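Accompanying notes for the structure given below.
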Amino acid sequence: MGEDRVLVVTGPGRVSLVREPAPDGDVEVRTLYSGLSAGTDLSFVKGTHPSLHAGWDAELGLFDARGPERGYPVRRWGYMQVARVTASRDPAFAEGELLAMTYGHRDGYRADPRSERMVRLPADLDPLLGIYVAHMGPICANGLLHAAADLHGTDVRSLADGVRERRVVVTGAGVVGLLTALFARRHGAEEVVVVEPTPQRRAVVERFGIEALDPGAVDPAVLLKTRWRHGPGDRGADVVFQCRGQPSSLAMALRAARPQGTVIDLAFYQDGADAVRLGEEFHHNGLAIRCAQIGRVPRGLAHTWDRERLSARTIDLLRAEGPGILAHVVTDVVPVEEAPELLMALARRRRHVLQAVFTFG
């Protein structure tokens, strides 16, 4: 068995490219692209991921001392890989096929098709866009699915069911926020407004023809509740997708929602959310927060809305918006040899990227 080059987080702020034995599996692939998740991946580099400090008890669904701590070194991290099949002992996958997978930042892998996700990429899709197909795109599609379930329960026929002809706010214009806004527009939202404090990211939103608000220049809740009136004492967004891992963003999302509205939360709060003020708009407007993490779809929808269907809807979005995503969202494509330096610069806030992608020669 050979060796692969693997990005390993050896401690807070320390990332190395090392050689490790390749795992065993029936389908051998070589990595073309590996996308960086600025939230999850950097939490391991910065040392803020909860699994580094507390054990996760999967049975109880709790972080506590009884579960196994992940700790350092972190060897399997990253969930945005595009790879080509180089050898296969399984007739379900042929040599030369392009796949979207979630095996981490490494230049090769041997997969077990019976236990791992391996999503075929269509020939008409730019392979670089495949980084979003297995996991990141389905995260955003799952947000729309939760909005649909909030209205229709288990009778969800389309991702449009939660946003069609509705006024939508998206907080945060990172990759999750941008893809969620594009999903909402594609599926018939009456209006989509993105709230983002960073000028560079607002500019990207506007290049897609979507309105962007600066929360430092205007109070988005006041502006949008003045604009969006449903009836007496009923103003604001029909649904808010909260996609920025800052408690102030969640607080703003709650303020922007109409009474008895729902905030669909896709953010990862690495430092918790101590500043969220649940005694104010959340309480007085009877709001709801629904966590839409990719680990589960809304209750009762798993049979009809599995991960494969969410990946298929992601491919539809990428076909429609791919040129803009490649031009405006994928900001940095670098050889994996440069990844440790880039990751440490990002963790120390010395550099800003929207979507970084590592390439493997």
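Just so we're clear, the structure is a prediction, and the values are computed from it rather than from any experiment.
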Donor-acceptor pair, distance only, cut-off 3.5 Å: does the side chain of [X] make one with the backbone of [Y]?
X      : Y      : result
Glu196 : Ala173 : yes
Asp126 : Leu128 : yes
His53  : Gly47  : yes
Arg244 : Gln246 : no
Ser88  : Phe93  : yes
Arg84  : Thr31  : no
Asn142 : Val297 : no
Glu20  : Asp4   : no
Trp77  : Leu7   : yes
Thr262 : Val239 : no

[X], [atom1] atom: more than 12 neighbouring heavy atoms under 6.0 Å:
X      : atom1 : answer
Arg296 : CZ    : no
Glu308 : CD    : yes
Glu341 : CD    : no

Sort out for me which residue in Val82, Ile325, Leu317 forms a side-chain contact (heavy atoms from CB on, under 4.5 Å) with Tyr132.
->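 It is Ile325, the one option of Val82, Ile325, Leu317 that forms the side-chain contact (heavy atoms from CB on, under 4.5 Å) with Tyr132.
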Quick one: pull up [atom1] in [X] and [atom2] in [Y] and give me the separation to the nearest 0.5 Å.
X      : Y      : atom1 : atom2 : value
Arg117 : Leu99  : CZ    : CG    : 11.5 Å
Ser34  : Ile131 : OG    : CD1   : 8.5 Å
Thr314 : Phe183 : OG1   : CZ    : 4.0 Å
Arg227 : Arg167 : CZ    : CZ    : 9.5 Å
Lys225 : His230 : NZ    : NE2   : 9.5 Å
Arg313 : Ser158 : CZ    : OG    : 8.0 Å

[Y] side chain reached by [X] side chain, heavy atoms, under 4.5 Å:
X      : Y      : answer
Arg290 : Asp265 : no
Asp214 : Arg202 : yes
Val176 : Met136 : yes
Leu178 : Ile210 : no
Leu254 : Val240 : no
Phe241 : Thr171 : no
Glu190 : Arg164 : no
Leu342 : Arg351 : yes

[X] and [Y]: same hydrophobic cluster, using ILVMFWY side-chain contacts below 4.5 Å?
X      : Y      : value
Tyr269 : Leu287 : yes
Val276 : Val169 : yes
Val6   : Met80  : no
Leu213 : Val194 : no
Phe208 : Leu318 : yes

If you measure from the Lys or Arg side-chain nitrogens to the Asp or Glu carboxylate oxygens, is any gap between [X] and [Y] under 4.0 Å?
X      : Y      : result
Glu28  : Arg89  : no
Arg186 : Asp316 : no
Asp26  : Arg110 : no
Arg319 : Asp124 : yes
Arg76  : Glu116 : yes
Asp234 : Arg258 : yes

Sorted by first residue and then second, give each ring pair (Phe, Tyr, Trp, His ring centres under 6.0 Å) pair with at least one member in residues 108-130; sequence neighbours left out.
->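 Qualifying pairs: Tyr103-Tyr109.
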Counterpart residues, salt bridge (charged side-chain N to carboxylate O under 4.0 Å, His left out), relative to Asp306 (two or more places apart) =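 Counting only residues at least two positions away or on another chain, Asp306 forms no salt bridge (charged side-chain N to carboxylate O under 4.0 Å, His left out).
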Return the set of residues passing salt bridge (charged side-chain N to carboxylate O under 4.0 Å, His left out) with Arg166 (not counting sequence neighbours), or none when no residue passes.
->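 Salt bridge (charged side-chain N to carboxylate O under 4.0 Å, His left out) check on Arg166 returns nothing, list empty.
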Minimum-distance pair of heavy atoms, taken over all atoms of [X] and [Y]:
X      : Y      : answer
Pro21  : Arg106 : O-NH2, 3.8 Å
His352 : Thr198 : NE2-CG2, 4.5 Å
Ser249 : Gln242 : OG-OE1, 2.8 Å
Arg120 : Ile315 : O-CD1, 4.3 Å
Val218 : Pro220 : O-CD, 3.0 Å
Cys243 : Gly172 : CB-O, 4.4 Å

Could you check whether the rings of His49 and Phe44 sit parallel, tilted or perpendicular, using 30° and 60° as the cut-offs?
->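 Plane angle under 30°, so parallel.
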Leu266 and Ile139: side-chain contact (heavy atoms from CB on, under 4.5 Å), yes or no, with the steps?
-> CA-CA 8 Å; Leu266 293 91; Ile139 286 174; 4.0 Å; yes
Assess whether side-chain contact (heavy atoms from CB on, under 4.5 Å) is satisfied between Leu343 and Leu42, documenting all intermediate values.
-> CA-CA 7 Å; Leu343 287 162; Leu42 285 180; 4.0 Å; yes
For Leu159 and Leu145, run side-chain contact (heavy atoms from CB on, under 4.5 Å): C-alpha distance rounded to whole Å, both residues' side-chain angles, the deciding distance at 0.1 Å, then the answer.
-> CA-CA 6 Å; Leu159 294 182; Leu145 189 62; 4.1 Å; yes
Check the pair Trp305, Thr154 against side-chain contact (heavy atoms from CB on, under 4.5 Å), reporting the backbone distance first and the verdict last.
-> CA-CA 10 Å; Trp305 282 95; Thr154 59; over 6 Å; no
Tyr33, Phe360, Phe358 screened by ring-ring contact (aromatic ring centres under 6.0 Å, His included) with His105, the one that passes =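 Of the listed options, the one satisfying the test is Phe358.
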